[in-house]
Each structure stands twice: as C-alpha cells, then as structure tokens.
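Chain letters run A, B, ... following the sequence lines, proteins first, then strands; residues in each count from 1.
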Protein chains: 2
Amino acid sequence: MGATPAISVGISSAIADDERAHDGETLAASAYTRLRQDILKCRLMPGAKLRLEALRRDYSVGFSPLREALARLTGEGLTIVEGQRGFRVASVSAGDLEDIARLRSEIETMALRMSIEKGSDAWEADVAAALHHLLLLPHGRWPAGSPLTDEWSRRHKRFHDSLVAACGSPRLLAIREDLFEHSERYRRLLIEHGTEGRDLATEHREIANAVLARNAPTACALIAGHIRATASTMMAIISS
Amino acid sequence: MGATPAISVGISSAIADDERAHDGETLAASAYTRLRQDILKCRLMPGAKLRLEALRRDYSVGFSPLREALARLTGEGLTIVEGQRGFRVASVSAGDLEDIARLRSEIETMALRMSIEKGSDAWEADVAAALHHLLLLPHGRWPAGSPLTDEWSRRHKRFHDSLVAACGSPRLLAIREDLFEHSERYRRLLIEHGTEGRDLATEHREIANAVLARNAPTACALIAGHIRATASTMMAIISS
DNA sequence: GGCAAGGAAAATTTCGAAATTTTGTCCTTT
DNA sequence: AAAGGACAAAATTTCGAAATTTTCCTTGCC
C-alpha cells in the first residue's frame with residue numbers, strides 16, 4: 001500500500017475541551033475516543049507514525065493522557081507501540097483484509113445461528129423493524145460528506161446488529177463488533193465502496209426473510225455471501 | 001463470588017528494574033507485562049480496585065507509565081477504567097465463564113476445521129511431536145508450585161496450539177489466544193482444577209488421531225467435549 | 001562511494017509536584 | 001432514621017520540565 005503517509009489530522013480532532021463529557025471523563029478517555037474515531041475513519045492513516053508533539057497540539061492534551069490513550073488503543077490493536085520510538089497506527093494489508101472478511105463471515109453466521117435458535121418474538125419484531133427502517137431509505141450514490149451516507153450506514157448497521165442481537169454471547173458480540181470496525185476501516189480507506197451490480201435492498205430483504213423464517217442454513221449462506229461480496233469489491237480495489 | 005477482595009500482590013511484581021529488557025523497552029511496557037501476568041494468574045484478584053500509589057511502589061514505576069500500562073490492559077479487557085476513579089481488575093462471573101467456554105468451543109472447532117483443511121505434512125509432524133511430548137509427562141496431582149505443573153501446562157498448550165496452527169488466520173488465532181487466557185484466569189482463580197474421572201492422555205491421543213486422520217467432524221466433536229468437560233468442572237466449583 | 005564515529009537537534013519517556021476529584025467524617029436539618 | 005451540606009484527607013489525573021533515547025547530519029577513514 002505504498003509508503004507510510006505523513007500524519008493527516010481532520011477537523012474532528014480539534015474539538016474544544018468544552019465538548020468533554022462532564023460525568024468524570026478524563027482527558028485521556030476523551031482523547032482515546034477521538035483518536036479511535038480518527039483511526040477508524042482513516043483520518044490517521046494506517047501505518048502512520050504518530051508524532052506526539054503534533055498530537056498533543058491537535059488534540060489539546062498533555063503527553064501523559066495522550067500516551068495513555070494511545071496505549072489503550074494498542075490494547076485494542078489499532079495502534080502499535082514501538083518501544084522508545086513512540087506509536088504507529090496499525091497498518092493494513094490485503095492478507096489482513098482477507099482474514100477479516102473470512103472471519104467475519106464465520107463469526108457472523110455463528111452469531112446468527114445462535115440468535116435464530118434463541119431469539120424471542122420481541123427479537124423478531126426488532127429485526128422486522130430494522131429491515132423496514134433500512135428499506136425506507138434506498139441506497140444511493142450520495143456526494144461525499146452527505147448526511148444521508150451516515151444515516152444509511154446507521155440503519156444498515158442497525159439492521160445487521162438486530163439479526164444477531166439474541167445470540168446471548170456478549171463476548172461473541174464484542175469480537176464481532178471489533179471485526180466489523182476493522183473491516184470498516186478498510187472500506188473507508190478504499191473510499192466509497194461500490195455497490196454496482198448489487199441489489200442491496202433485495203439482499204437485505206432475503207436475509208431478513210430467512211431469519212424470520214428461522215431458516216438458519218439459508219440465512220447463514222445469505223449473510224456469508226453478503227459479507228463476501230463486500231470484501232470482494234474491496235479486494236478488487238486493492239489489487240488494482 | 002463475594003465481596004471485592006483487597007489488592008494482593010505476589011512477589012513477581014517486585015522484580016527489580018534490572019530485569020527490564022535492554023532493547024528499548026519502556027518502563028510502561030515492562031509494567032504492562034508484569035501487570036498482565038499478575039492479573040492472568042489472579043495475583044491481582046478479579047474485581048479488585050487497583051490503588052495507584054500501592055502499584056507505583058510495588059512495581060517500582062511512576063504514575064505515568066503505570067497508567068499507560070493499565071490503559072493498555074483496558075484495551076485488552078483485563079482492566080476496567082472508571083473515569084476519575086482509577087482502574088479495576090476486570091471481574092469474573094459464572095455467566096462470563098459460560099460464555100467463554102461456549103465460544104472457545106466454537107472458535108476452537110472453527111480453527112481446527114481450517115487447520116485440517118489447510119495443514120501440510122509438516123503441520124501433521126508437529127502435531128504428532130506435540131502429542132508425543134505431552135504424553136511423555138503423564139498428568140499428575142503435583143504439589144502447588146511444582147515446576148512439573150508449569151511444564152505440563154506448557155506441553156498441554158503446545159499440543160493444543162499445534163492442532164490449529166495451520167488455520168491460516170492470524171486474527172482467529174489472536175481471538176483464540178485471548179479467550180484461552182481469559183479462561184485460564186478462571187481456572188487459576190478456582191485453584192487447581194480437578195481432573196478426576198478424566199483420562200486426559202486418552203482424550204489427547206484421540207483428538208490427535210482424529211486430526212491426523214483429517215476427520216474434521218470427529219476431531220471437532222472431541223475438542224469441543226474436551227473444552228466442555230473442563231468448563232463443567234469450573235462451573236461446578238463456582239456453583240458450590 | 002560506503003561505512004563508522006561523533007555530536008547536535010529532535011523526539012520520546014519519565015518524574016514528581018500541582019491541580020483536580022473523590023471519599024470519608026461530622027454536623028445539621030427534616 | 002435518613003438526607004444534605006461542609007470540610008479535610010486521600011486518591012487520581014495532569015502538567016511541563018528534566019532525563020533519556022533516537023534521528024539526522026557532518027566528518028574522517030578505507
């Protein structure tokens with residue numbers, strides 16, 4: 001993926017102290033949240049060396065809370081600590097993307113199977129509601145920065161989260177969320193992922209139908225295909 | 001599991017600075033490693049409030065590197081940060097143990113299936129070697145602190161690691177390792193887990209045989225049972 | 001030209017005091 | 001008795017200078 005780019009900081013990292021939650025949140029925690037977002041949204045580029053002096057200025061925080069925030073992100077795999085040489089944003093690779101995609105497919109189907117097995121009526125109602133909510137906003141090719149992009153992503157995520165919400169395994173959901181976010185980092189890195197040739201509404205509708213019919217094998221096959229199609233698009237971009 | 005116990009620090013946390021690696025390792029990283037071990041070995045008890053002044057003394061490190069180490073452990077789920085109130089060791093619960101055990105079973109069989117599918121001759125040789133090595137040291141009820149306990153555990157882990165080594169998914173192996181360590185924390189918390197009524201050597205031999213025969217369904221069933229039996233023992237202890 | 005050594009500048013890490021927050025105790029009010 | 005307020009002590013978090021390490025540049029040697 002070419003040379004390590006210089007650190008690039010977006011405007012969200014310059015948010016004033018005023019926006020810090022007033023419920024005991026520390027400067028370190030606040031910086032952590034902001035840094036995390038900037039990494040996940042690729043405003044801090046993969047592989048980039050994190051210059052502490054620059055970050056201290058940009059995030060309006062001292063060295064100690066800054067290091068603390070970065071250390072916490074190291075524990076999450078989003079930064080890499082290089083002893084005596086500071087921190088670096090975790091890098092990306094085609095191999096990792098492939099690993100994530102395959103693993104997401106497995107984890108998602110595992111969680112889905114468990115959910116179908118354990119889900120109550122209320123869970124079904126929630127899935128139906130999330131599908132309905134999603135379909136009310138047809139996927140479109142919106143201009144970069146459009147609020148509709150974020151809104152669609154929110155509804156999309158809500159839909160997928162609802163499918164597995166009844167799996168009964170908090171740890172599995174945490175693993176799933178982690179993989180999702182790392183996958184999103186790739187998607188954002190590769191700009192807008194194309195959905196040409198895909199009928200997303202139909203894909204989502206068919207997934208929901210299989211789930212609500214409690215047909216685990218079909219639902220799992222459909223969700224795995226859904227994930228694979230997205231990853232294929234990204235892999236194609238990386239290869240070119 | 002009763003009231004939150006007071007912080008208890010074992011001798012390993014008082015290791016002198018001399019033992020810090022001389023390859024650029026920071027004080028923060030050194031403290032992280034030691035703290036991590038102490039949490040995983042339950043020398044720092046689950047749920048315990050981590051008193052920074054005491055830790056600073058016990059681990060011979062200042063507040064900044066100490067907080068940094070603790071933050072990193074927060075990112076790994078081993079500590080919980082409580083805004084303006086410091087850190088706490090992550091707690092344990094019967095529900096979490098159950099979640100981990102079930103998830104470990106699923107993850108292990110997934111990794112095993114992939115390994116069986118992808119494993120080379122060299123991988124098979126490694127599995128055979130690990131089994132042989134393990135069986136050369138029959139499991140016994142050794143006195144606490146006996147080096148044989150650690151040696152057996154090392155060989156045991158080596159055996160299980162070898163089974164899944166060819167799965168080809170670094171992220172899956174990381175998730176698996178994480179779950180294993182969290183599970184080990186429970187095991188250590190519950191003192192020596194009993195293996196009465198179990199013929200561990202036979203269990204290990206049968207698992208290896210199925211794996212080397214490339215019989216994924218059988219191998220997965222056996223490994224899942226192996227994990228379930230261990231978890232059942234722990235669940236029984238928690239219930240009593 | 002390539003490599004090694006030395007020194008200055010830049011960057012990173014740590015320290016410990018100051019600033020801030022939380023906790024605990026005592027007293028008053030309802 | 002329970003709740004609230006005030007205040008001191010204890011604990012936590014942060015700051016920024018000092019200490020330490022790394023990086024970069026220059027010089028000299030082969």
Side-chain angles (χ1 to χ4, degrees), chain A residues 3-9 13 15-35 44 47-75 79-89, chain B residues 3-9 13 15-35 44 47-75 79-89:
Chain A
T4 305
I7 174 172
S8 157
V9 180
S13 57
I15 293 177
D17 285 355
D18 291 346
E19 295 199 24
R20 181 164 45 122
H22 296 289
D23 59 353
E25 189 174 45
T26 60
L27 283 185
S30 172
Y32 157 77
T33 301
R34 283 186 283 152
L35 279 163
L44 296 174
K49 174 76 199 297
L50 295 168
R51 311 295 302 275
L52 296 189
E53 179 59 48
L55 291 190
R56 188 191 61 76
R57 247 189 290 110
D58 291 337
Y59 290 79
S60 302
V61 70
F63 287 124
S64 300
L66 176 60
R67 292 188 62 88
E68 195 174 316
L70 290 172
R72 186 166 163 190
L73 289 166
T74 294
T79 58
I80 306 292
V81 63
E82 301 179 322
Q84 297 292 346
R85 291 184 188 82
F87 297 82
R88 195 172 280 279
V89 180
Chain B
T4 305
I7 173 173
S8 157
V9 179
S13 56
I15 294 178
D17 284 355
D18 291 346
E19 296 201 23
R20 181 167 41 122
H22 296 291
D23 59 352
E25 190 176 43
T26 59
L27 283 186
S30 172
Y32 156 76
T33 301
R34 283 186 284 153
L35 278 164
L44 296 176
K49 174 77 201 300
L50 296 168
R51 311 296 301 278
L52 296 189
E53 179 59 48
L55 291 189
R56 189 192 60 76
R57 246 188 294 109
D58 292 336
Y59 290 79
S60 302
V61 70
F63 286 126
S64 301
L66 176 59
R67 292 188 61 85
E68 196 175 317
L70 290 172
R72 187 166 162 190
L73 289 166
T74 295
T79 59
I80 306 293
V81 63
E82 301 180 322
Q84 297 294 344
R85 292 182 189 79
F87 298 82
R88 196 172 281 282
V89 180

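- For the atom pair OH (B:Tyr32) and OG1 (B:Thr26), the distance works out to 11.5 Å, reported to the nearest 0.5 Å.
- Residue B:Glu53 contributes atom CD, which lies 12 Å from atom P of C:dA17 at whole-angstrom precision.
- Spacing between atom CZ of B:Phe63 and atom P of D:dT14 amounts to 13 Å, rounded to whole angstrom units.
- Closest approach to the B:Pro65 side chain among C:dA11, C:dT14, D:dC15 is made by C:dT14 (side chain taken as heavy atoms from C-beta onward).
- One interatomic measurement links the two molecules: NZ of B:Lys49 to P of C:dT22, which rounds to 11 Å at whole-angstrom precision.
- At distances below 3.5 Å, at least one donor-acceptor pair connects side-chain atoms of B:Lys49 with backbone N or O atoms of B:Arg85.
- Note that CD of B:Glu68 and CG of B:Leu73 are 11.5 Å apart. Values are rounded to the nearest 0.5 Å.
- The nearest whole Å value for the distance from the CG atom in B:Leu52 to the C1' atom in D:dT14 is 13 Å.
- The distance between atom CZ of B:Arg85 and atom P of C:dT20, rounded to the nearest whole Å, is 18 Å.
- At whole-Å resolution of the value, CD in A:Glu82 and P in D:dT23 are 9 Å apart.
- Here the side chain of B:Arg56 pairs no donor or acceptor atom with the backbone of B:Gly62 at under 3.5 angstrom.
- Taking atom CZ on A:Arg56 and atom P on D:dC15, their separation rounds to 9 Å, with Å as the unit.
- When the C1' atom of D:dT12 is taken as reference, atom CG of B:Leu55 falls 13 Å away, rounded to whole Å.
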What's touching nucleotides 7-10 of chain C from the protein side, N or O pairs under 3.5 Å?
none

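- Scanning for side chain to side chain contact (heavy atoms under 4.5 Å, CB included) contacts around B:Ser64 gives A:Ser64, with sequence neighbours left out.
- Results of the side chain to side chain contact (heavy atoms under 4.5 Å, CB included) test with A:Thr79 over A:Leu44, A:Leu35, A:Leu70 single out A:Leu70 as the only residue that passes.
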